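Notes follow the structure.
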Amino acid sequence: MYARDYGTCIKPCTLTEGQMRILLPQLTNAGLIILKDAENPLETQSYIPARKAVEISLLDILEATGEHLNCKRPITEQFYVQYGRAAQKLGIINQIARIYLKEITLTDL
C-alpha cells in the first residue's frame, strides 16, 4: 500500500497488524481485493485487486470500511498538494456539503 507524501513523492503506507486484521477483510468482503490461494491473509502482497484500479472508487473504499468524509473544515492547501487531482474533486464535494449543511437549521430537523 502506498500513500502520496507532501509534494510528488509516493511513499509506502505502513499499517499495524491490528489495522490489517480489520482493513483487509473489509476490502475482501466488499469485493475489492481477492486473497491468493494458500497465502498469508495478513500481508498485502497476498492479495490481488478484484477489479481494475480505474473501476475502484473512493466511494467503494469508504463504503467497504464504513468511513466517511470529514466536512468539518475547509480543505487545506497542504491536502491539495498531497492528493492532487483527487483533492480537487474532494474539495468541491467538501465545499458543497458545507454550504448545504449550513442551510439546514434546527427548525428543519
Side-chain angles (χ1 to χ4, degrees):
M1 288 186 188
Y2 293 89
R4 190 175 299 273
D5 197 357
Y6 298 108
T8 59
C9 176
I10 297 178
K11 65 178 184 177
C13 178
T14 306
L15 299 175
T16 66
E17 184 177 324
Q19 291 169 322
M20 295 289 238
R21 286 185 188 278
I22 295 168
L23 179 62
L24 295 173
Q26 288 174 327
L27 298 177
T28 302
N29 292 339
L32 300 178
I33 59 174
I34 300 168
L35 179 64
K36 297 178 204 172
D37 290 332
E39 293 283 337
N40 182 348
L42 291 179
E43 294 180 3
T44 57
Q45 58 269 33
S46 298
Y47 293 84
I48 57 171
R51 298 181 278 180
K52 295 177 186 174
V54 298
E55 296 172 351
I56 298 174
S57 69
L58 176 58
L59 179 61
D60 293 328
I61 295 167
L62 291 173
E63 288 179 339
T65 59
E67 293 294 330
H68 60 277
L69 294 177
N70 181 355
C71 299
K72 291 192 281 185
R73 64 182 72 82
I75 291 184
T76 64
E77 184 177 332
Q78 194 172 42
F79 185 84
Y80 282 104
V81 170
Q82 185 174 359
Y83 295 105
R85 193 168 141 223
Q88 293 171 354
K89 293 178 180 182
L90 289 171
I92 293 168
I93 292 168
N94 185 57
Q95 188 60 33
I96 290 170
R98 290 173 56 78
I99 289 168
Y100 280 108
L101 289 171
K102 189 173 184 173
E103 292 179 1
I104 298 172
T105 65
L106 291 178
T107 57
D108 295 327
L109 301 177

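Keep in mind that this is a model prediction, so the values were computed, not measured.
Residues in residues 54-70 take part in these salt bridge (charged side-chain N to carboxylate O under 4.0 Å, His left out) pairs, two or more places apart or across chains: Arg51-Asp60.
Judged as a side chain to side chain contact (heavy atoms under 4.5 Å, CB included), and not counting sequence neighbours, the contacts of Gln95 are Ile99. In this view, Arg85 and Gln88, Lys89 satisfy the side chain to side chain contact (heavy atoms under 4.5 Å, CB included) rule, not counting sequence neighbours. Applying the side chain to side chain contact (heavy atoms under 4.5 Å, CB included) rule to Ile92 yields the partners Ile96; only residues at least two apart in sequence or on another chain are considered. Lys102 pairs by the side chain to side chain contact (heavy atoms under 4.5 Å, CB included) definition with nothing, not counting sequence neighbours.
The CD atom of Gln82 sits 11.5 Å away from the CD1 atom of Ile75 when rounded to the nearest 0.5 Å. For the atom pair Thr44 OG1 and Leu15 CG, the distance stands at 8.0 Å (nearest 0.5 Å). Separation of atoms CD1 (Ile56) and CG (Leu32) is listed at 5.0 Å; rounding is to 0.5 Å.
Grouped with Ile48 in one hydrophobic cluster are Ile34, the linkage being side-chain heavy-atom contacts under 4.5 Å among Ile, Leu, Val, Met, Phe, Trp and Tyr residues.
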Hey, can you pull the donor-acceptor pairs under 3.5 Å for the side chains in residues 35-43, sequence neighbours left out?
residue: Lys36; atom: NZ; partner: Gln45; partner atom: O; Å: 3.0
residue: Asn40; atom: OD1; partner: Leu42; partner atom: N; Å: 2.9
residue: Asn40; atom: ND2; partner: Glu43; partner atom: OE2; Å: 3.3

Cut-off 3.5 Å, no hydrogens considered: what does the side-chain donor-acceptor table look like for residues 17-24, sequence neighbours left out?
residue: Glu17; atom: OE2; partner: Arg21; partner atom: NE; Å: 3.3
residue: Glu17; atom: OE2; partner: Arg21; partner atom: NH2; Å: 2.6
residue: Gln19; atom: OE1; partner: Thr16; partner atom: N; Å: 2.7
residue: Gln19; atom: OE1; partner: Thr16; partner atom: OG1; Å: 3.3

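Counting only distance, with no hydrogens or angles, the side chain of Asn94 and the backbone of Leu90 share no donor-acceptor pair below 3.5 Å.
Taking all atoms of both residues into account, the shortest heavy-atom contact from Ala87 to Tyr80 is O-CE2, 3.4 Å. In terms of heavy-atom proximity, Gly31 sits nearest to Ala50 at O-CB, 3.1 Å.
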